[in-house]
Number of protein chains: 2
Amino acid sequence: MIDILIVEDNKEIGTLLCDFLKEDGYTVFLAVSGEEALEYVNKHTIRLVVLDIMLPGIDGFTVCRKIREENNTPIIIVSAKVEKEDKMNGLVLGADDYIEKPYDIDILLAKIRGIFKRRYESDMMVDGNLKIDKIRRIACFKDSELTLTSKEFELLLLLVENKGKALKKDWIFNKVWGFDSFSEQQTLTVHIQWLRQKIEEDPKNPLRIKTVWGVGYRFE
Amino acid sequence: MIDILIVEDNKEIGTLLCDFLKEDGYTVFLAVSGEEALEYVNKHTIRLVVLDIMLPGIDGFTVCRKIREENNTPIIIVSAKVEKEDKMNGLVLGADDYIEKPYDIDILLAKIRGIFKRRYESDMMVDGNLKIDKIRRIACFKDSELTLTSKEFELLLLLVENKGKALKKDWIFNKVWGFDSFSEQQTLTVHIQWLRQKIEEDPKNPLRIKTVWGVGYRFE
DNA sequence: CCGTTCTGTTATGAATTGATTATATCAGGT
DNA sequence: ACCTGATATAATCAATTCATAACAGAACGG
């Protein structure tokens, strides 16, 4: 399954966009023409299309319509500055959203994230080889699913959400366990240990979950 | 610590916005007037302000200015459609970003996420070849990481934060160790010594951690 | 009801830290 | 030049902190 199909004839822009999306954890395919896009749509399952209107050959409007005939994959239209607003209005009915060139990549990413959240009930967090889906409570490491227990998942999520920060042990403990316990120190330590077994190549020399002596841990 | 302070007199909109932000994991406080906002800012540590310009009583411009007088907390201005653009330009200088009503919540969230990412992912202190990241608890000297112990890190941080000042030994000791001890003199001296080994080219002739005879040390 | 998984606890050993001590060196006054 | 008190340095050692394995109770699902 491909998450996002980008349809964009300018290869430079397309590749750049690809890179950004991959960095955010999506799997992406880039089509450089309407024909290629339609062919790809027929053969693969796609969760979202980012569609540039200005295309050589079949234009974007037609591509949008044809995709809609097949299924209701969400579509985000990318267009140059709109001249005739009514034309756009007609288009927007077919698409889920649109954005004008030149656009801020953060804003496009926000729109995409919003659609995924609403449509697919998933809210991904990506950090290198590690993907965490908060809503589905699933974590993947190098594209294979980790079997984490509840506590392990919460602990990992907390660490990743505070990536780079040195976190105090008792702070972590209060966040994950939500209360004070007597031998919290050791309990946390043990859980960290178990997490390391699952996400570190060499748990003896952890690269991701670093220990900060006398303080706690830092994820990087 | 509160992540985001929302200043919005329309309680319905404010509450809605609150909910969205909380869903995204922020801790939020809602102020319904400029007075309340300013009072709250003075009493709490806040990381970002979302400020509506149209307020009863003190207007948003004034709130923005007053907050800026206190500290440099990032501010996002929310305004109705701008009539006089020059007025807005003047305002934007004080704020980090602005957005017009009615706005797409995803876009506001993207702006917020962007600011948090840029502003808070680390908190560096730079002094020549020396970089100290308080949050990550990492110090670098000439672009290579120093392996400092907890006490060494705190000691170095204290020295750099008070760069140029001659610091009394017992003052330093109380700050780092937090209490009085019997042979504090020597303990501190030894730690200073260890630090010098790590950040001075020639620990015998220290250029950074100078000793101030009969008083203590001065960092420069 | 039983087996499995999860979670907290404890024990042990290893690694690190940091206080202490002892000795050497230095600055400044006489 | 000498003395005194302050600081530097090296080495030692005890306390702290962390990693790891093993165990037992709790929660869970069939």
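Model, not experiment: these values are computed from the prediction. Side-chain atoms are counted along with the backbone in the values below, which use heavy atoms only and exclude waters and symmetry mates. In the text below, chain A, chain B and the rest are named by the order of the sequence lines, each starting its count at 1.
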(message) Check this for me: A/Asp202, atom CG, are more than 12 non-hydrogen atoms of other residues, nucleotides or ligands nearer than 6.0 Å?
(response) yes
(message) With a 4.0 Å cutoff (strictly under), does any side-chain N or O of B/Ser150 reach OP1 or OP2 of C/dT17?
(response) no
(message) Could you check whether atom NZ of B/Lys66 has more than 12 heavy atoms from other residues, nucleotides or ligands sitting under 6.0 Å from it?
(response) no
(message) Side-chain N or O of B/His191 versus OP1/OP2 of C/dG18: is the shortest distance under 4.0 Å?
(response) no
(request) Could you tell me the separation between the CZ atom of A/Phe173 and the P atom of D/dC18, rounded to a whole number of Å? (result) 15 Å
(message) Distance check needed: C/dT10 P versus A/Leu188 CG, whole Å only.
(response) 16 Å
(request) Taking only Lys NZ, Arg NE, NH1 and NH2, and the carboxylate oxygens of Asp or Glu, determine whether A/Lys134 and B/Glu23 approach each other closer than 4.0 Å. (result) no
(message) Distance check needed: D/dT20 C1' versus A/Leu195 CG, whole Å only.
(response) 15 Å
(request) Anything under 30° is parallel, anything over 60° is perpendicular, the rest tilted; go ahead and classify B/Trp177 against B/His191. (result) perpendicular
(request) Encode nucleotides 5-17 of chain D as B, S and - characters from 5' to 3', where the letter depends on protein heavy atoms closer than 4.0 Å: B to the base, S only to sugar-phosphate, - to neither. (result) BBSBBB------B
(request) For A/Trp177 and C/dT9, give me the distance from atom CH2 to atom C1', rounded to whole Å. (result) 13 Å
(message) Closer than 4.0 angstrom, basic N to acidic O: yes or no for B/Asp24 and A/Arg113?
(response) no
(message) Applying the side-chain contact (heavy atoms from CB on, under 4.5 Å) criterion to A/Tyr217, which one of A/Arg196, A/Lys165, A/Arg208 satisfies it?
(response) A/Arg196
(message) How many whole angstroms separate atom CG of A/Leu155 from atom P of C/dT7?
(response) 11 Å
(message) Check the orientation of A/Phe116 and A/Tyr120. Use parallel for under 30°, tilted for 30 to 60°, and perpendicular for over 60°.
(response) tilted
(request) Find the bend of the helix from C/dC1-D/dG30 to C/dT30-D/dA1 as the angle between its two terminal axes (five pairs each), to the nearest 10°. (result) 30°
(message) For A/Asn71, I'd like to know if atom CG has over 12 heavy atoms of other residues, nucleotides or ligands within 6.0 Å.
(response) yes
(message) Measure CD/B/Glu152 against P/C/dA19 and give the value in whole Å, please.
(response) 11 Å
